[in-house]
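Presented below is the structure to which this report refers.
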2 protein chains.
Amino acid sequence: MTATRATRQRDVISRVLDHAEGPLTVGDVLEQAKNDLPSLGIATVYRTLKLLTEQGRIHPVVLDGETLYEASGKGHHHHFSCNRCGRVFTLHTCPVSLPKGTALAGGFIVQSHEVTLYGLCPECAAKNGAE
Amino acid sequence: MTATRATRQRDVISRVLDHAEGPLTVGDVLEQAKNDLPSLGIATVYRTLKLLTEQGRIHPVVLDGETLYEASGKGHHHHFSCNRCGRVFTLHTCPVSLPKGTALAGGFIVQSHEVTLYGLCPECAAKNGAE
DNA sequence: CTCATTGCAAATCTTTTGCATTCCC
DNA sequence: GGGAATGCAAAAGATTTGCAATGAG
């Protein structure tokens, strides 16, 4: 079997994702990881993100056509994308009640769901109409 | 101002999207439109999709990293992505109650939302465990 | 006729891959 | 030391753009 080795690169990339406030783009990850590892290459970032995803340690979130990554195990949550500043926030509330296994009319069986809310974040809402 | 002309290409592409059962990929659009317009180029498809999107006649939906397009004006709806066969269905029910303008704890103001359910479509659910 | 639009090909951008070197175990 | 992982650069996709030819109004 293929032995998976612990490397500084993987360590740094995992840490970057674990400490992030919300999901990060590949570019974000590269940039932040370079603070610790200036020689880090983009190919390694892609390879590591793929590896971590396969291991289930992180998972991809697609927002507005961009693929972002975030650490798993942060519990059930969703995202809020600000229409004004573009930042993505993590919401710890869930607006839907569809337990795994729920059956919808038509025979669809729900296993999981993703919700993204769009609107104004607190900061932008405060500024609203004041510019 | 820039006059927008009606062309056979735009007509065909719009029609393809209007008649689709669910959202289509750029490739789907090209393929189907080529039935009517064999000489159609991919660049025109991209340009037309962008134009129609700006006009609000269609809108992009990102699912599993792929950008799909669907006609607008089909009412509020969401998508169901089958984990087994990969097909995307349009759901005419909405599992959340977040009217535009709802304010969330923390001061987030919701303007719109997107929900994608993942699970088994009726066909795959029927086949389940029978293979 | 004019000029927006098209189709093609070249140019970009993003992501993946080949390979010699590095370094984990 | 052996082989997995890295970094670079080349390759492969996906999307965009330049430009001469075409076609709508």
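Order of the sequence lines sets the chain letters (A, B, ...), proteins ahead of strands, with each chain counted from 1.
Two residues, B/Thr67 and B/Arg47, neighbour DNA chain D, and the one matched to the more 5' nucleotide by heavy-atom proximity is B/Thr67. Both B/Thr7 and B/Ile42 lie close to DNA chain D; mapped to their nearest nucleotides by heavy-atom distance, the more 5′-ward contact belongs to B/Ile42. If you find the closest nucleotide of DNA chain C to B/Arg8 and to A/Arg8, the one lying nearer the 5' end belongs to B/Arg8.
In terms of heavy atoms, A/Ile109 sits closest to B/Phe80 at O-CZ, 3.5 Å.
Closest contact between the side chain of B/Arg5 and the listed nucleotides C/dC25, C/dT5, C/dT17 involves C/dT5. The listed nucleotides are D/dG25, C/dT5, C/dA9; the one nearest the side chain of B/Arg10 is C/dT5. Proximity note for B/Thr44 (side chain, C-beta onward) versus C/dG7, C/dT15, C/dT5: the nearest is C/dG7. With D/dA9, D/dT6, C/dC25 as the candidates, the nucleotide lying closest to the side chain of A/Ala43 is D/dA9. Nearest to the side-chain atoms of B/Tyr46 among the listed nucleotides C/dT14, D/dA14, C/dT17 stands D/dA14.
Note on A/Leu51: it does not cluster hydrophobically with A/Leu17, by side-chain heavy-atom contacts below 4.5 Å among ILVMFWY residues. Both B/Leu52 and B/Val29 belong to a single network of hydrophobic side chains, linked directly or stepwise wherever heavy atoms of I, L, V, M, F, W or Y lie under 4.5 Å apart.
What separates CD of A/Gln9 from P of D/dA4 is a distance of 17 Å, to the nearest Å. What separates CG of A/Asp11 from P of D/dA5 is a distance of 14 Å, to the nearest Å. The NZ atom of B/Lys50 sits 17 Å away from the P atom of C/dA4 (whole-angstrom rounding). Atom CG in A/Leu49 sits about 10 Å away from atom P in C/dT15, given to the nearest Å. Rounding to whole angstrom units, NZ of residue B/Lys34 and C1' of C/dC8 are separated by 12 Å. Residue B/Glu54 contributes atom CD, which lies 15 Å from atom C1' of C/dA4 at whole-angstrom precision. One atom, CG of A/Leu40, and another, P of C/dT22, lie 17 Å apart when rounded to the nearest Å. Rounded to whole angstrom, the span from the CG atom of B/Leu51 across to the C1' atom of C/dT5 amounts to 10 Å.
Looking only at side-chain heavy atoms (C-beta outward), A/Thr4 and A/Arg10 come within less than 4.5 Å of each other. For the pair B/Leu120 and A/Gln111, the minimum side-chain heavy-atom distance is below 4.5 Å.
Of the options A/His113, A/Glu114, A/His92, a side-chain hydrogen bond (donor to acceptor under 3.5 Å, both in side chains) to A/His78 is made by A/His113 and by none of the others.
When the C1' atoms of four end pairs are superposed on the next four at each end of the helix from C/dC1-D/dG25 to C/dC25-D/dG1, using five pairs per end, the two resulting axes differ in direction by 30°, to 10°.
Open room surrounds CZ on B/Arg57; 12 or fewer heavy atoms of other groups in view lie less than 6.0 Å from it.
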